[in-house]
S.K.: 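Mind having a look at this structure? Questions to follow.
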Amino acid sequence: MEVLPDAAEHRALLARVQDTFRRDGLMPAVAEFAAGLRRPGAEEPVTAEAAIELPPRAAARAGRTMANMPYFLGRIVPSFMAYVPDVERLAALSDRLVLAGGADSRGELPYRPAALLAERFGTELVHFPGGHTGLSTHPAEFAELLRKVLAPTPE
């Protein structure tokens with residue numbers, strides 16, 4: 001996020017999420033974080049009132065995800081969002097980089113750094129199927145494209 005021209009806004013988002021987490025708990029902090037990730041002008045997602053019955057493996061995975069959410073929001077997200085890449089070094093290696101984003105997440109915060117760097121380096125931004133979590137939502141298509149973009153190019 002630190003490569004973005006509006007990085008200060010994202011630092012402020014993270015501070016709000018941390019404050020909300022301490023003051024109001026996990027779910028309000030998750031909601032604050034999710035709102036900050038959406039593309040500008042995007043509407044809030046509609047939430048269903050009725051509980052969704054998940055298959056047992058999916059329910060177990062969702063349970064693990066929620067159990068790990070305090071650590072994710074408290075430790076992983078702040079470290080990840082504060083990382084400052086060596087943009088000059090990346091530029092020097094740009095012919096070997098695969099910069100990518102989810103096709104359905106254009107304009108969202110997780111998409112924007114890769115898009116900005118691709119533009120800055122004059123390289124292609126590869127669009128993987130789905131959004132930010134396309135690996136989970138479109139595994140076969142994601143894997144097929146990943147194999148294609150990482151395959152050695154004939155000389």
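Predicted, not measured: the structure shown is a model, and the values here were computed from it.
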S.K.: Would you be so kind as to tabulate the donor-acceptor pairs closer than 3.5 Å made by side chains of residues 81-93, with sequence neighbours excluded?
M.R.:
residue, atom, partner, partner atom, Å
D86, OD1, E88, N, 3.4
D86, OD1, R89, N, 3.0

S.K.: Is L150 reachable from V126 through a run of hydrophobic residues whose side-chain heavy atoms are each under 4.5 Å from the next?
M.R.: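 Yes; tracing contacts between hydrophobic side chains, which count when under 4.5 Å, links both residues.
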S.K.: In this structure, would L125 and L109 fall into the same cluster of hydrophobic residues linked by side-chain contacts under 4.5 Å?
M.R.: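 Cluster IDs for L125 and L109 match.
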S.K.: Does a side-chain heavy-atom distance below 4.5 Å link F128 with L146?
M.R.: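 They are in contact (side-chain heavy atoms under 4.5 Å apart), so the answer is yes.
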S.K.: Would you please name every residue forming a ring-ring contact (aromatic ring centres under 6.0 Å, His included) with F33, sequence neighbours left out?
M.R.: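 Partners of F33 under the ring-ring contact (aromatic ring centres under 6.0 Å, His included) test: none.
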S.K.: Hydrophobic clustering (ILVMFWY, side-chain heavy atoms < 4.5 Å, transitive) - are F142 and V149 grouped together?
M.R.: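 Yes, one cluster joins them.
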S.K.: Nearest 0.5 Å, what's the OG1-CG distance between T137 and L135?
M.R.: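 Going from the OG1 atom of T137 to the CG atom of L135 covers 8.5 Å.
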S.K.: Looking at every heavy atom in both A100 and A114, which two are closest together, and how far apart are they?
M.R.: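 Minimum heavy-atom contact is O-CB, 3.4 Å.
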S.K.: Could you please spell out the steps behind the side chain to side chain contact (heavy atoms under 4.5 Å, CB included) verdict for V3 and L116?
M.R.: CA-CA 8 Å; V3 299; L116 180 132; 4.2 Å; yes
S.K.: Taking only residues at least two apart or on different chains, which pairs with a member in residues 84-111 satisfy ring-ring contact (aromatic ring centres under 6.0 Å, His included)?
M.R.: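 Passing the test, one end in residues 84-111: Y111-H127.
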S.K.: Name the atoms and distances for all side-chain donor-acceptor pairs under 3.5 Å in residues 65-72, with sequence neighbours left out.
M.R.:
residue, atom, partner, partner atom, Å
T65, OG1, R61, O, 3.0
N68, ND2, R64, O, 3.2

S.K.: Which heavy atom of L37 sits nearest a heavy atom of P110, and at what distance?
M.R.: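 For L37 versus P110, the nearest heavy atoms are O-CD, 4.0 Å.
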S.K.: With heavy-atom distances below 4.5 Å as the criterion, would you say the side chains of L99 and F121 are in contact?
M.R.: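 In short, these two side chains touch, coming nearer than 4.5 Å.
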S.K.: What heavy-atom pair brings P78 and L14 nearest, and what distance separates the two atoms?
M.R.: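 Looking at all heavy atoms of both residues, the shortest contact is CA-CD2, 3.5 Å.
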S.K.: Taking only residues at least two apart or on different chains, which pairs with a member in residues 10-23 satisfy side chain to side chain donor-acceptor pair (under 3.5 Å)?
M.R.: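 The answer is E2-R11, D6-H10, H10-R112, R16-E32, D19-R22.
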S.K.: Does anything in residues 141-152 pair up under salt bridge (charged side-chain N to carboxylate O under 4.0 Å, His left out), and if so which pairs, sequence neighbours excluded?
M.R.: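 Every pair satisfying salt bridge (charged side-chain N to carboxylate O under 4.0 Å, His left out) with a residue in residues 141-152: there are none.
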S.K.: What closest approach, in Å, do P113 and M1 show between heavy atoms, and which atom pair accounts for it?
M.R.: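 Taking P113 first and M1 second, the nearest heavy atoms are CG-SD, 4.0 Å.
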S.K.: Taking a hydrophobic cluster as the set of Ile, Leu, Val, Met, Phe, Trp and Tyr residues connected by side-chain heavy atoms closer than 4.5 Å, whether directly or through intermediates, do F80 and F21 fall within one such cluster?
M.R.: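 Yes, one cluster joins them.
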